[in-house]
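Predicted, not measured: the structure shown is a model, and the values here were computed from it.
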2 protein chains.
Amino acid sequence: MDRAQDGGNVAGMSGLSRATVSRLPQYLRLLEDIETGDTISSDLLAEAAGVNAANVRRDLSDLGFQGTRGVGYSVPNLRDRIRRELGIEKRRKVAIVGAGNLGTALARYGGLAKRGFDVVAIYDIDQERIGSLIGDVKVQDISEMPGDCGSGLYDMAIIAVPARAAQTVAEGLVDAGISSLLNFAPVRVSVPDAIPVRQVDLSTELQILSYYG
Amino acid sequence: MDRAQDGGNVAGMSGLSRATVSRLPQYLRLLEDIETGDTISSDLLAEAAGVNAANVRRDLSDLGFQGTRGVGYSVPNLRDRIRRELGIEKRRKVAIVGAGNLGTALARYGGLAKRGFDVVAIYDIDQERIGSLIGDVKVQDISEMPGDCGSGLYDMAIIAVPARAAQTVAEGLVDAGISSLLNFAPVRVSVPDAIPVRQVDLSTELQILSYYG
DNA sequence: TAGATTGTTAATCGATTAACAATC
DNA sequence: TAGATTGTTAATCGATTAACAATC
């Protein structure tokens, strides 16, 4: 209990460091794919996740999850523990804002449903798109977005609108009470500290690769 | 024989820390958007990029880029310097592997061309898709992929295939001499250390958000 | 000059990892 | 027991930041 890790955490949040949290989904994916055996060693987990074995043991120790010396970690128990920690033990409802190419692609991406995330709403501002079906979800007018959020239809949103619209969309969602945002628009959105945001940008990724390649 | 994640520097002494490199695209975007004035202070850059001003000064100092005390940094000079550092002073040719929803969305994403990345080839294994046009690029049979890479048609690739195909595609590209990979498949691919890879996964992002939200 | 802002130092923070005693 | 593997310590590494002299 003497490992200092208060500084790197999000304000008011419990224990795990950002670095640890970012690795949990990787571990979880592995644990979901495993069919053989019901225990796994930190060595195997580490190799598959591309990290150091000591790092794995420290992460799981921080999680409060115990293994068995000489044996390893229980696969089903660890899987459940990580799911619980990430808050995905039950399905999460997600809205996608922007029904262009990217929004459509994200909405159709089957991997989401498989991991517990249900796309329950898609919004756009373009009358041509409103009313059309993407999968089995109808594209709605973006004016419906705040009300739907406020009434609890969803609590996570993916922003897939053009750069110029992203900040306005983000503010609308925040005002309506959104819990967290994933921003695919190629611009940084600014929101209150209390709302977690992750930004993913294709050209940023390519530019970083340009440096190393 | 893998491990293309974060931490320390990549192959050789490239000079800049990973943290610094990951911030350069943010600075660059700001510098490209600015029209007012021809100098900018570390304070303004920092605020817009969401980092500490001392961090900005340190990054630019590491770049070997000098500002003027009491004045700030030259916008056009800094913009050019970052472009040169990232290796994007000239246009880069990129292939997209997988012409499904995601691959199509990425290919159509205008932000790429605007940032200097030209999608010069799209590959798929599905005969239904081969021959169709996405923008002005024809979808080719994936069997053409290694030859095109070998002949220098492109040197960066975006993997947008299903998880089960990602590792095979990555290996084919590496054998054909690819310089760097951006992997959107929901699985981690393993490549030699010398090839930089970045992995972007939607459900991983959502799972991380689930923890904080 | 007087105010502004850089460039750099030093402290600190956060994260990783080798090593090994504990123990299954 | 003998081998395997955890849990934890301590060292180290990498990155951030406050502070301030230098200087435009």
Legend entry - Contact residues, residues 76-83 of chain B to DNA chain D [heavy atom, < 4.0 Å]: none

Inset, instruction - Find the runs of at least 3 consecutive base pairs, i with j, i+1 with j-1 and so on, that include DNA chain D, using Watson-Crick or G-U wobble geometry with both distances under 3.5 Å. - result: C:3-24 with D:3-24

Inset, instruction - Considering just the side-chain nitrogens and oxygens of A/Thr68, establish if one lies under 4.0 Å of OP1 or OP2 belonging to D/dT6. - result: no

Legend entry - Residues that B/Asp59 engages under side-chain hydrogen bond (donor to acceptor under 3.5 Å, both in side chains), provided they are two or more places apart: B/Thr20, B/Arg23, B/Tyr27

Inset, instruction - Sorted by first residue and then second, give each side-chain hydrogen bond (donor to acceptor under 3.5 Å, both in side chains) pair with at least one member in residues 168-178 of chain B; sequence neighbours left out. - result: B/Gln167-B/Glu171

Legend entry - Whole-Å distance separating the CD atom of B/Gln66 from the P atom of C/dT5: 18 Å

Legend entry - Contacting residues from residues 19-27 of chain B, given that a heavy atom lies under 4.0 angstrom of DNA chain D: B/Ala19, B/Arg23

Inset, instruction - Please determine, for the side chain of A/Asn52, which listed nucleotide (D/dA18, C/dT17, D/dA15) has the closest atom? - result: C/dT17

Inset, instruction - Check every atom of C/dA22, C/dA18, C/dT6 against the side chain of A/Arg69 and return the nucleotide holding the closest atom. - result: C/dA22

Inset, instruction - Give me the residues of residues 55-65 of chain B where at least one heavy atom lies under 4.0 Å from an atom of DNA chain D, by number, or none. - result: B/Asn55, B/Arg57, B/Arg58

Inset, instruction - Determine yes or no for a side-chain-to-main-chain donor-acceptor pair under 3.5 angstrom, with B/Arg108 supplying the side chain and A/Asn101 the backbone. - result: no

Legend entry - Proximal nucleotide (of C/dT17, D/dG7, D/dC24) relative to the A/Tyr73 side chain: D/dG7

